Amino acid sequence: MSQSHRFDGKGLIDRQRPLTFTFNGDTYQGYEGDTLASALVANGVKLVGRSFKYHRPRGILTSGSEEPNALVTLRKGAYAEPNTRATSIELFDGLDATSQNHIGPLKHDLLAVNDLMAPFFSAGFYYKTFMWPAAFWEKLYEPMIRRAAGLGKLSLQEDPDCYAKGFLHCDVLIIGAGPSGLAAALTAGRAGAKVILADEDFRFGGRLTMETFGVDDMPGADWVAKAIDELGSMPNVRLMPRTTIYGVFDNGIFGALERKTDHLASSDGKPRQVLWRVYSKQSILCAGATERSMAFANNDRPGIMMAGAVRAYANRFDALAGKQVAVLTNNDDGWRTAHDLSVAGARNVSIIDTRPSTDNVTPAGVDVFHGKHVVNTRGRHGLTSITLSNQQVLNADCLAVTGGWNPNVHLTCHQRSRPKWREDIASFVPGAGLPIGMRVAGAANGALTLAKALQEGQEHATTALAYLGIQAKSGPAPRAEDEACEISPFWHTGETTSAYKRAWVDLQNDVTVKDVFQSHMEGFRSVEHLKRYTTLGMATDQGKTANILGLAVMAEASGKTIPETGTTIFRPPYTPVPIGAFAGSSRGKEFRPTRNTPSHQWAQEQGAVFTEVGNWLRAQWYPKPGETHWRESVDREVLQTRASVGVCDVTTLGKIDVQGRDAAAFLNKIYANAFGKLAVGKVRYGLMLREDGVAMDDGTAARFTDTHFVVTTTTANAVTVFRHMEFCRQCLWPDMDVHLISTTEQWAQFAVAGPNARKLLQKLVDEDTNISNEAFPFMACGEISVCDGTPARLFRISFSGELAYEIAVPTRFGNSLMEALMAAGEEFDAVAYGTEALSVMRIEKGHAAGNELCGTTTARDLGLGRMVSKKKDCIGNTMSERADMNREDGFALVGFKPVDEEQALSAGAHFVSKESDAVMANDEGWMTSVCYSPNLGYSIGLGFIKNGDTRIGETVCAANPLQGRTLDVEIVSPHFIDPEGERLRV
Amino acid sequence: MIIDHPLLGPRDAAEFVYLGDTALLNRPDWQADDAQRQFHDYLYMRENPAGEMRELWYHERGDRSWLVITRNTLTHEITKVELARDVVRAAQKGRTTV
């Protein structure tokens with residue numbers, strides 16, 4: 001039986017292009033122009049899903065993105081996308097959808113038993129019912145509830161689709177391409193403004209595609225087609241169908257999600273969706289309105305739909321939602337559904353109008369029941385009959401309900417504006433304080449009739465253009481008639497206490513009239529509390545069909561008016577946006593760039609093991625054949641460096657070129673220690689403080705000429721130190737003649753350390769360069785050349801504690817220099833060492849690094865207190881003198897070794913005295929860095945401990961509750977190797 | 001948000017790094033009798049206006065200018081963008097605070 005509910009009409013489907021699709025494994029036919037929902041309606045499929053909590057059978061409720069029930073999983077395998085709205089999915093050939101949230105077949109869901117247990121699942125049940133025993137919550141109750149309650153399932157595979165991001169700019173952004181949006185776009189487009197017209201639907205026209213109204217003496221759909229033709233021919237207008245404006249951000253910026261390939265069987269490698277950031281000068285919100293329901297007992301059965309949706313399926317898709325249609329209404333709009341359905345061929349159409357009498361003309365063959373409402377319905381998997389308030393039973397397979405229309409004010413709220421109540425349409429309209437540059441036109445503004453909507457669209461566009469200094473071409477608004485739209489609010493006939501005969505308010509979250517009353521009774525009365533307690537208005541539809549109804553029920557419970565009860569305001573996104581779209585192309589390795597060191601290629605050839613240091617990828621150690629444990633490689637690299645010579649790529653340290661007549665004076669201000677008198681050709685260790693007196697970073701500054709310094713920073717702080725120096729230069733001392741530039745990536749730099757370092761370098765430096773100890777002593781620097789004319793910079797500085805140099809060449813020579821250094825070092829058995837050996841040697845030497853410069857320690861803590869000059873103005877020196885930073889019992893950086901040398905220290909352990917319990921009250925400090933010292937043959941560490949400098953030789957406990965171990969450690973000097981520094985100077 | 005850079009024209013806010021209140025431009029005199037008190041206020045005491053605020057932004061992914069931006073904290077509307085350097089120099093000339 002193919003398309004049993006399709007009739008021969010004037011709908012906007014292409015009967016020349018039939019499409020085949022499957023739903024829950026069954027094959028159906030539809031046409032191009034269908035949505036999945038309209039095709040299901042056309043095929044007479046009523047039952048499409050199970051409800052969130054009670055697993056009640058549910059059908060399609062609406063024809064738009066507000067759909068709470070008809071959520072399906074689209075596609076298969078890794079491409080599966082859960083919780084897509086059947087009402088928004090454009091049908092394509094081969095579409096494959098499955099229903100969600102049931103165990104076993106949809107028709108015989110095993111979890112439907114939940115519906116019988118409803119009394120236990122009322123609002124807030126999980127706060128009350130599953131309280132005991134406590135241990136059952138995590139293991140039993142929560143997994144059980146999560147399994148039973150829910151939406152679709154993720155594929156748990158990587159998303160094979162790709163996504164993109166983009167930026168758009170326009171004079172006027174028009175959100176929604178219904179009658180007011182089109183009128184606005186025509187006005188703005190004809191005036192020459194740069195216009196973007198976006199609509200979430202794949203077909204422009206809004207309600208004009210779903211009604212039988214005429215515009216300018218032609219059918220509405222024809223007028224839309226003409227308007228789109230005209231707009232499409234304007235180079236200043238960008239038409240964006242399938243594009244949801246999901247959020248309003250600062251100052252005219254909008255977030256937009258454009259679905260590029262969702263309507264195709266395959267993305268074919270193209271971005272599936274594009275996340276746009278739209279910069280607009282003016283915006284006109286023409287988002288239309290959403291129909292709301294009424295609550296009565298069992299109002300959730302498949303076949304009970306919104307009246308406007310029933311009409312839309314008939315007029316746009318030639319699909320009958322039912323063959324025996326009843327309409328329940330409190331307003332004139334419901335009558336149009338009865339009329340259109342009866343024209344479309346539905347039998348026994350009846351109208352139940354809650355108003356005692358109306359002026360509407362009864363369509364031919366339609367039964368009218370005035371002053372009645374519906375009190376119950378029957379039909380397990382699809383509606384069979386309804387019971388009226390006079391107990392009359394009507395047979396019906398479709399009940400079209402309308403409780404009125406709510407303007408889509410969502411986007412107006414994204415910048416704090418609150419909607420205001422309008423009594424005549426019994427709904428909220430946009431309030432004061434709209435987002436900057438935004439105007440609201442048409443149904444979204446409460447102008448619920450066609451002529452008004454067209455007129456408002458044109459008027460608001462004219463005003464927006466005037467604001468931009470553009471004169472709109474004058475002319476009458478498109479001609480149309482205002483349809484009847486009288487309403488007399490009617491909200492529910494639900495039982496307010498019984499858990500049976502439930503009247504549903506929020507179909508997506510299974511919230512009933514009784515739940516709202518219970519929430520009120522238990523004191524959760526504000527709209528926000530109501531939402532959290534009952535979950536009303538949560539999940540994928542964000543209560544688009546439920547919020548106002550819920551509010552009305554709460555107003556009744558509390559005896560207040562609706563505006564007194566409050567209003568919900570809305571946050572982005574308007575409809576769900578996939579996380580993949582937010583990520584765009586920033587996935588996996590594309591998430592952030594990888595910075596390779598200049599010697600990366602050489603290190604790779606050696607089989608180095610790499611580690612991530614920020615964005616940098618650095619060689620961690622270089623395993624030799626036969627080495628099976630990283631310690632073997634690291635120990636070898638350390639021992640060989642200290643015995644002969646080692647080479648390490650230290651390019652990642654920040655380098656900042658400082659030039660100008662005031663360069664020395666400037667450095668004197670940013671370093672805590674004195675810099676003014678540093679001689680040309682010399683390097684000095686420098687400590688930078690933050691203005692609050694805490695140590696910020698350390699490094700060296702080398703003076704090449706009177707006016708030229710090179711400053712180094714730690715790898716981690718290269719960016720922030722540069723930013724800080726620019727702040728000092730531009731914001732604190734703008735009159736100093738000094739300029740800065742980062743040269744971290746311009747110079748490849750290598751440490752050459754060990755007793756044979758000079759002999760090795762001697763082989764590479766060009767003839768005219770004298771690097772003897774006398775000519776080039778410890779802390780010397782100079783611009784030299786190496787390898788027959790390659791410019792280089794040489795610094796005699798040492799992080800390892802050995803006789804050491806750092807040599808820098810322009811980055812493009814970095815890999816070659818590494819090769820040259822290693823080739824020249826062959827006769828000395830030179831070794832390349834990685835970050836791990838670098839760290840071992842600096843701990844052995846007692847040098848502070850990132851673990852010690854951790855943002856809480858002062859120069860005094862680091863044992864560098866005397867470096868901080870009191871004789872000059874520099875960043876941080878005033879505040880470093882604060883009493884609390886200079887306490888008698890302050891921390892000091894010292895060394896530690898285990899009393900039992902077989903034991904390994906652990907970083908992060910806290911120190912307590914031998915007699916004390918390992919609790920925070922007795923805390924005396926912490927271990928910052930540890931390593932195994934191959935030179936000493938045991939584990940060593942650095943750490944801060946109170947009064948540490950006066951406690952050398954004392955034994956304390958290093959407690960590490962995380963690892964469950966406590967170790968006796970001895971406080972020692974932090975200089976484990978060569979404490980007098982003799983090796984540096986040979 | 002778009003920042004109309006005085007030298008480079010309109011640039012996306014993503015290119016900038018935010019620091020905070022321009023109070024940081026008024027660095028106290030280290031030799032004042034109550035220097036520590038003044039530095040304390042300089043570092044820690046801040047207005048938190050709901051409305052117009054002057055604040056420091058750094059064009060890190062651009063020309064590295066420090067800018068003084070006048071921004072409405074309620075609407076994010078930016079009404080003025082100046083080079084911090086110019087602001088400080090003008091204030092120093094007039095011997096006023098920024």
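Predicted model only: the values in this text are computed from it and were never measured. Each chain gets a letter, A, B and so on, in the order its sequence line appears, and its residues count up from 1.
- If you measure heavy-atom distances from A:F167 to chain B, the contacts under 4.5 Å come from the side chain alone.
- Among A:R729, A:M879, A:E881, the residue making the largest number of heavy-atom pairs under 4.5 Å with chain B is A:M879.
- Listed here is the closest heavy atom pair of A:K870 and B:W30: O-CZ3, 3.8 Å.
- Looking at B:Q92, the atoms closer than 4.5 Å to chain A (heavy atoms on both sides) all sit in the side chain, from C-beta outward.
- Of the two parts of B:Y58, only the side chain, counted from C-beta on, holds a non-hydrogen atom closer than 4.5 Å to a non-hydrogen atom of chain A.
- Between the OG1 atom of A:T878 and the CZ atom of B:R37 there is a distance of 14.0 Å, given to the nearest 0.5 Å.
- By the side chain to side chain donor-acceptor pair (under 3.5 Å) test, A:H739 pairs with no residue at all, sequence neighbours left out.
- Under 4.0 Å is where a charged nitrogen must lie from a carboxylate oxygen, and between B:R71 and A:D250 no such pair does.
- Looking at B:Q36, the atoms closer than 4.5 Å to chain A (heavy atoms on both sides) sit in the backbone and in the side chain alike.
- Residue contact with chain B, scored on non-hydrogen atoms closer than 4.5 Å, involves the side chain of A:I436 exclusively.
- Around atom OH of A:Y467, no more than 12 heavy atoms belonging to other residues, nucleotides or ligands sit under 6.0 Å away.
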Checklist entry - Do A:E726 and B:E60 pass the side-chain contact (heavy atoms from CB on, under 4.5 Å) test, and can you show the C-alpha distance, the side-chain angles, and the key distance before you say yes or no? => result CA-CA 10 Å; A:E726 282 290 4; B:E60 187 150 85; over 6 Å; no
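- Ranked by heavy-atom pairs under 4.5 Å with chain B, the list A:I253, A:D873, A:L732 is led by A:D873.
- Of all heavy-atom pairs spanning B:R64 and A:Q730, the tightest one is O-NE2, 2.8 Å.
- Comparing B:A35, B:S65, B:P28 by heavy-atom pairs within less than 4.5 Å of chain A, the highest count is held by B:S65.
- Only the backbone of B:I78 comes within contact range of chain A, judged by heavy atoms closer than 4.5 Å.
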Side-chain donor-acceptor pairs of residues 409-417 of chain A under 3.5 Å, sequence neighbours excluded:
residue : atom : partner : partner atom : Å
A:T412  : OG1  : A:V409  : O            : 2.5
A:H414  : ND1  : A:V248  : N            : 3.1
A:H414  : NE2  : A:R571  : O            : 3.4
A:Q415  : NE2  : A:V248  : O            : 3.0
A:S417  : OG   : A:A432  : O            : 2.7

Next on the checklist: Please determine whether side-chain contact (heavy atoms from CB on, under 4.5 Å) holds for the pair A:C731 and B:L56, giving the CA-CA distance in whole Å, both sets of side-chain angles, and the decisive distance to 0.1 Å.
Outcome noted: CA-CA 9 Å; A:C731 298; B:L56 287 159; 4.2 Å; yes
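- Within a 6.0 Å sphere centred on CZ of B:R89, other residues, nucleotides and ligands contribute more than 12 heavy atoms.
- Here B:M1 contributes atom CE and A:R277 contributes atom CZ; the two are 10.5 Å apart, rounded to the nearest 0.5 Å.
- A donor-acceptor pair is defined here as one N or O able to donate and one able to accept, closer than 3.5 Å; such a pair exists between the side chain of A:N251 and the backbone of B:H76.
- Among residues at least two apart or in separate chains, ring-ring contact (aromatic ring centres under 6.0 Å, His included) pairs with a member in residues 709-736 of chain A are A:F727-B:W66.
- Identified by a heavy-atom distance below 4.5 Å to chain A, the contributing residues of residues 40-49 of chain B are B:H40, B:Y42, B:L43, B:Y44, in residue-number order.
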